[in-house]
2 protein chains.
Amino acid sequence: MDLSERQLQILQAIITDFVENAEPVGSRSIAKKYDLGVSPATIRNEMSDLEEMGYLTHPHTSAGRVPSDKAYRLYVNDLMKKKNLSAKDKRMINDRLSASRDEFDRTIRHAAELLSEITQLASFAMTPATNKEVISFIRLLPVDERTLILMIVSEGGHVTNTTLRLNVPYTQEALELLSKNMTVSYKGRTLDDVLKSEIIHDVGSDIEALNSLKGSVMPSFLRTLEDMLNVNLYMEGMTNIFKLPEYTSIDRARDFMELFARKDWFTQKMLAREDGVVVTIGDENDTMKDCSLITATYHVDGKLVGKIGVIGPTRMKYGEVTSIMEYLTNNLSEVFRLPGDTGDGNAGGKK
Amino acid sequence: MDLSERQLQILQAIITDFVENAEPVGSRSIAKKYDLGVSPATIRNEMSDLEEMGYLTHPHTSAGRVPSDKAYRLYVNDLMKKKNLSAKDKRMINDRLSASRDEFDRTIRHAAELLSEITQLASFAMTPATNKEVISFIRLLPVDERTLILMIVSEGGHVTNTTLRLNVPYTQEALELLSKNMTVSYKGRTLDDVLKSEIIHDVGSDIEALNSLKGSVMPSFLRTLEDMLNVNLYMEGMTNIFKLPEYTSIDRARDFMELFARKDWFTQKMLAREDGVVVTIGDENDTMKDCSLITATYHVDGKLVGKIGVIGPTRMKYGEVTSIMEYLTNNLSEVFRLPGDTGDGNAGGKK
DNA sequence: TGTTAGCACTCATTGATGCAGAGTGCTAAT
DNA sequence: ATTAGCACTCTGCATCAATGAGTGCTAACA
């Protein structure tokens, strides 16, 4: 039982209107504003049918209709048309992104800022990181006689470091030895691999000083590896949502904020989403039932995948936002493609 | 015109009561709850005097009294008595802090978490960083033929790194040369010194590849130096404030959140505060007029100074919170003192 | 048979009104 | 100097009626 052309038109009108004004929309105002050539009464009848089919709901008897999650889903799948970005927005994206093109994390953060600025919603961006990332090398650098820096670098150039302060002094030689020792052991392995395997304990040695140092460094090494999995998550424009009528209730607002205070949980959640532009609406998100979430992926050297996203109420300008995100991620992927690379994988990387 | 003993007692009672219940307190309830041996009428008279002197205010004629900023100031200076921490809190602080004692940033973050957990307020912690920090060495590490890591380490072991992606490939030799070259040039100088001076352009060389590489790296070097000034700021428990009655108004809550969205502004603000436990109340903070702010400093190797703080409404348990913060920062400073160090400065550091 | 006008009905919102309760300020008595 | 007593003020809450937006149904219409 498909929807008739007219029903689609009416549904679209209701969605458009509700997205704009955040208030239940009545038959009369639809008839007036959108030129459908039928009377309010007819629209009422159609609305009644649409409600029966689950596309609309009724806050109470004498209120107008509100689109349901199902309606938004239909809209996103079939009705929505991509909006062309304004020249201003395009320019802004181009300029702001390329301004910092040579510094990875900064670029990503700018992207999130841009996204929340343009959409006036809350946004986030995360750097690409997966448990499949491959360790390139490990360095231990001396600071003072008891302090040292542990640094792990992946093949993609992702760096994590920890400053360690030991109880006992170490020797320069032991440090260098361990540094090489560890690089040899772990180079080329994925994070996953290292974290799950027991090889940690394999790297025994006959040199006393080395073993002692190793004993101190290893626990932090593991934690630092885990840190590497904790991608950087930049959140921007969280306070934008306070401006929306759906969040004038303090409880709603608090729930929303608390969701994001749990950064790692949120990160996990987002990493699990599929690639490309993905829209989930209301109930489709098990938590955040009254939010919609749009995520998109960008590529680094045409391969490693990072995520960027927008969160807002289900009442959201899907067409606009997805267009912006598409443009933005394309631009990002472009920025992160090495010159001369055609996108065929990890070009330019170590063999 | 000092306050009489009785006036102080009454004022203290009002503050205690208001801090507890967040509601204007009347003469009758003071007389009942706090055993002052006088009738409500007497208390009323005294309250009237206290109001005239600016210690109390009146939301409206028939409401009870509310302590003013001036009253809180008096309380903090003279009336407040340090509270002994519960054994539970002490144990929690000891355990949680020392669990991660060897990893600096993690410890700091834990400290902020602890603080907001115990006080049920919003808290922050920042790692020590000053423009007086001294550069220890600079490393350039290869990732792939166009990607490299720029790493700056200060004498305190503070690390900042940036991953750079160049337009043209670099050579291994040039990289190593530049690395040494830069270390020689900047080692021992303070951040301030380097950022303000023009020496950046001095490091000319006759090797072509080196100069070209340097041209690409230098702008990022400066930005990375600036990043070093941007201390890490950890904010915790921001959502706690939603539970407070003074922030049930969405506008208040939004103002509060927006303050912290401006991280760098906030950081600057906090760095400017004096050392030790500092309490500023209401109007004493030029922004955040209805908040109180308590900051305290901790030491690293008895020298470098980091900050930790709590933000909440002026109605706050000053005695408790300051005690907690004192205990916590002492503990932190202890954790960050090298074994054997007696606190006489940068012990164990490079000569 | 699909469309529309008309009308009764529903329900949230708004503003006025009145009342209860908490608290003050003043006065007069102790 | 303290206190009891009382008039007065102001908020908060509940009640009530009016308003208006919007539906659902029925009957007329093309």
Side-chain angles (χ1 to χ4, degrees), chain A residues 1-11 13-18 20-68 71 245-246 248-249, chain B residues 1 3-11 13-15 17-18 20-68 71 245-246 248-249:
Chain A
M1 66 174 198
D2 263 357
L3 297 182
S4 72
E5 187 59 30
R6 193 170 64 188
Q7 284 176 322
L8 287 176
Q9 277 178 11
I10 291 176
L11 189 56
I14 293 174
I15 292 175
T16 308
D17 202 81
F18 184 71
E20 189 68 36
N21 304 311
E23 260 160 39
V25 14
S27 54
R28 222 177 103 79
S29 64
I30 289 290
K32 234 191 285 182
K33 280 195 238 173
Y34 305 85
D35 207 26
L36 302 180
V38 288
S39 77
T42 311
I43 294 177
R44 272 206 291 285
N45 289 330
E46 297 285 28
M47 292 209 296
S48 188
D49 291 350
L50 284 167
E51 179 160 9
E52 211 168 316
M53 290 187 270
Y55 292 104
L56 295 176
T57 48
H58 229 177
H60 57 87
T61 342
S62 69
R65 297 317 210 282
V66 169
S68 66
E246 26 270 284
T248 38
S249 138
Chain B
M1 63 174 195
L3 297 183
S4 72
E5 186 59 31
R6 194 170 66 188
Q7 284 175 324
L8 287 177
Q9 276 179 11
I10 291 176
L11 189 57
I14 292 175
I15 291 176
D17 202 81
F18 183 72
E20 189 68 37
N21 304 311
E23 260 159 39
V25 14
S27 55
R28 221 176 104 80
S29 64
I30 289 291
K32 233 191 287 183
K33 280 195 236 172
Y34 305 85
D35 207 26
L36 302 180
V38 288
S39 77
T42 311
I43 294 177
R44 271 206 291 284
N45 289 329
E46 298 285 27
M47 293 208 299
S48 188
D49 291 350
L50 285 168
E51 180 160 7
E52 211 167 315
M53 290 186 271
Y55 291 104
L56 295 177
T57 47
H58 231 177
H60 56 88
T61 343
S62 70
R65 293 326 206 280
V66 170
S68 67
E246 26 270 285
T248 38
S249 137

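All chains are named by letter (A, B, ...) in the order of the sequence lines, taking the proteins before the strands, and each is independently numbered beginning at 1.
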(Q) The criterion is side chain to side chain contact (heavy atoms under 4.5 Å, CB included); which residues satisfy it with A/S62, sequence neighbours excluded? (A) A/H60
Q: Given side-chain contact (heavy atoms from CB on, under 4.5 Å), test A/Y55 with A/I14 step by step and report yes or no.
A: CA-CA 11 Å; A/Y55 292 104; A/I14 293 174; over 6 Å; no
Q: Please list, chain by chain and in numerical order, all residues satisfying side-chain hydrogen bond (donor to acceptor under 3.5 Å, both in side chains) with B/T248, sequence neighbours excluded.
A: none
Q: Could you list the residues that satisfy side chain to side chain contact (heavy atoms under 4.5 Å, CB included) with B/N21, not counting sequence neighbours?
A: B/D17, B/K33
Q. Taking CD1 from A/I10 and C1' from C/dT3, how many angstroms apart are they, rounded to a whole number?
A. 12 Å
(Q) Does the protein touch nucleotides 11-30 of chain C at the base, only the backbone, or not at all? Give it as B, S and - per nucleotide, heavy atoms under 4.0 Å. (A) BS---------BSBB-----
Q: Identify, with sequence neighbours excluded, every residue that meets side-chain hydrogen bond (donor to acceptor under 3.5 Å, both in side chains) alongside B/E46.
A: B/R6, B/Q7
Q.
Applying side chain to side chain contact (heavy atoms under 4.5 Å, CB included), can you list everything that pairs with B/S48, at least two apart in sequence or on another chain?
A. B/R65
Q.
Nearest whole Å is fine: how far is D/dG22 C1' from A/N21 CG?
A. 16 Å
N/O to N/O distances under 3.5 Å, protein versus nucleotides 16-19 of chain D:
none

Q) Who pairs with B/E20 by side-chain hydrogen bond (donor to acceptor under 3.5 Å, both in side chains), at least two apart in sequence or on another chain? A) none
Q: Could I get the full list of side-chain hydrogen bond (donor to acceptor under 3.5 Å, both in side chains) partners for B/E23, not counting sequence neighbours?
A: none
Q: Using five base pairs at each end, measure the axis-to-axis angle across the helix from C/dT1-D/dA30 to C/dT30-D/dA1 and round it to 10 degrees.
A: 20°
Q) Heavy-atom distance under 4.5 Å between the side chains of A/T16 and A/Y34, does that happen here? A) yes
Q | Partners meeting side chain to side chain contact (heavy atoms under 4.5 Å, CB included) with A/S249 (sequence neighbours left out) | A | A/D251, A/R252
Q.
Just the rounded figure in Å: distance from C1' of D/dT2 to CD1 of B/I43.
A. 12 Å
